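Structure record follows, encoded as structure tokens.
Since we're looking at a predicted model, the values are computed, not measured. Letters A, B, ... mirror the listed sequences (proteins, then strands); counts begin at 1.
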Amino acid sequence: MLVTIIAALESDDDKAFMLNLYKDYYGLVRKTVYNIILDPDNVEDLINDTFIKLIEKISLLRTLESCRLAAYVVYTSRSVAINHIKHKSVQRKHAYYGGDTDLTEKMPDLESSIEERIIRQEEVKEMESAVLRLPEKYKDLLYFKYILEMHDREIAEILQIDPDSVRQYLTRARREAKKLMDEEVNKHAE
Amino acid sequence: MPNKSSDQVRKILYEEYEDSLFKLIMHDVAEKEGQFFLEEKEKMKNDPGFLPSQAAVQKVAGL
């Protein structure tokens, strides 16, 4: 299937790009998939599924610099592996369940003084650090939404949740990141 | 945003603000985490267990 799809690519450049991507990232995709499904019998199929997904995004992939390409490949393989286990493990599936709606946090003042812009940049850095420390389920969700740019229905399909609930889960993930950031800030303030 | 109350408009705008903020945050997170993945990928190149089989590569290459 993977070979057929690569063959369908019209440009030789695209074919060469995909072949290099396959050779270069095979190991990382294999490890990522295996760590989620823990089933050697299905690893190869899911590696192929990952590269099939990646072929669909070839024009985007070709624009990404190396670090973001690596993150894109890894989180695509995570989405494929999580999608695979969704019917196999009720426990894992329900790990993503829950949900609440809370949009009560204060709307930030968007006045763009230089000082405020610097403070906001610092906050963004703190938030980056907090996101890196989030549990995988929240980080996956944020990657699927903001890096892989999946539609809510695709995310819902992978996580086995109602498409209308995706927003609630995103709110929860973002709140969790903010909570981690606040904890870190308070720790330094003590 | 016609036919929406002030609260509804505020909620929508806040969602858009949060989306933009997290797009920015995740953009930088992907770069940082990607660096780690790249290093991991390079280490794996010395481990035959993480290389595609010759047959698989030839199959893809021989198109």
Kindly compute the distance separating [atom1] ([X]) from [atom2] ([Y]), expressed to the nearest 0.5 Å.
{"X": "A:Leu69", "Y": "B:Glu31", "atom1": "CG", "atom2": "CD", "result": "12.5 Å"}
{"X": "A:Cys67", "Y": "B:Lys32", "atom1": "SG", "atom2": "NZ", "result": "12.0 Å"}
{"X": "B:Ser20", "Y": "A:Tyr146", "atom1": "OG", "atom2": "OH", "result": "8.5 Å"}
{"X": "A:Ile147", "Y": "B:Lys23", "atom1": "CD1", "atom2": "NZ", "result": "10.5 Å"}
{"X": "B:Asp28", "Y": "A:Met127", "atom1": "CG", "atom2": "CE", "result": "12.5 Å"}

- Message: Are B:Leu51 and A:Met18 connected into the same hydrophobic cluster when the rule is that any two of I, L, V, M, F, W, Y join if their side-chain heavy atoms are below 4.5 Å apart?
- Response: no
- Query: When clusters are formed by joining ILVMFWY residues with side-chain heavy atoms under 4.5 Å apart, either directly or through shared neighbours, do A:Val80 and A:Ile52 land in the same one?
  - Reply: yes
Tell me the closest heavy-atom pair linking [X] and [Y], and the distance in Å.
{"X": "B:Gly34", "Y": "A:Ala70", "answer": "O-CB, 3.7 Å"}
{"X": "A:Tyr22", "Y": "B:Ala56", "answer": "OH-CB, 3.5 Å"}
{"X": "B:Ala30", "Y": "A:Ala71", "answer": "O-CB, 3.5 Å"}

- N-O pairing of A:Lys178 and B:Glu18 below 4.0 Å: yes
- Message: Using a strict threshold of under 4.0 Å (side-chain N to carboxylate O), is an ion pair present between B:Asp19 and A:Arg167?
- Response: yes
- Please check if atom NZ in A:Lys57 has more than 12 non-hydrogen atoms from other residues, nucleotides or ligands closer than 6.0 Å. no
Are side-chain heavy atoms of [X] and [Y] found at a separation under 4.5 Å?
{"X": "B:His27", "Y": "A:Arg68", "answer": "yes"}
{"X": "B:Phe22", "Y": "A:Val131", "answer": "yes"}
{"X": "B:Lys45", "Y": "A:Asp24", "answer": "yes"}
{"X": "A:Lys31", "Y": "B:Glu40", "answer": "yes"}
{"X": "A:Leu28", "Y": "B:Leu38", "answer": "no"}
{"X": "B:Val29", "Y": "A:Tyr143", "answer": "yes"}
{"X": "B:Phe37", "Y": "A:Tyr75", "answer": "yes"}
{"X": "A:Arg30", "Y": "B:Met44", "answer": "no"}

- Most heavy-atom pairs under 4.5 angstrom with chain B, which of A:Val124, A:Val73, A:Leu64? A:Val124
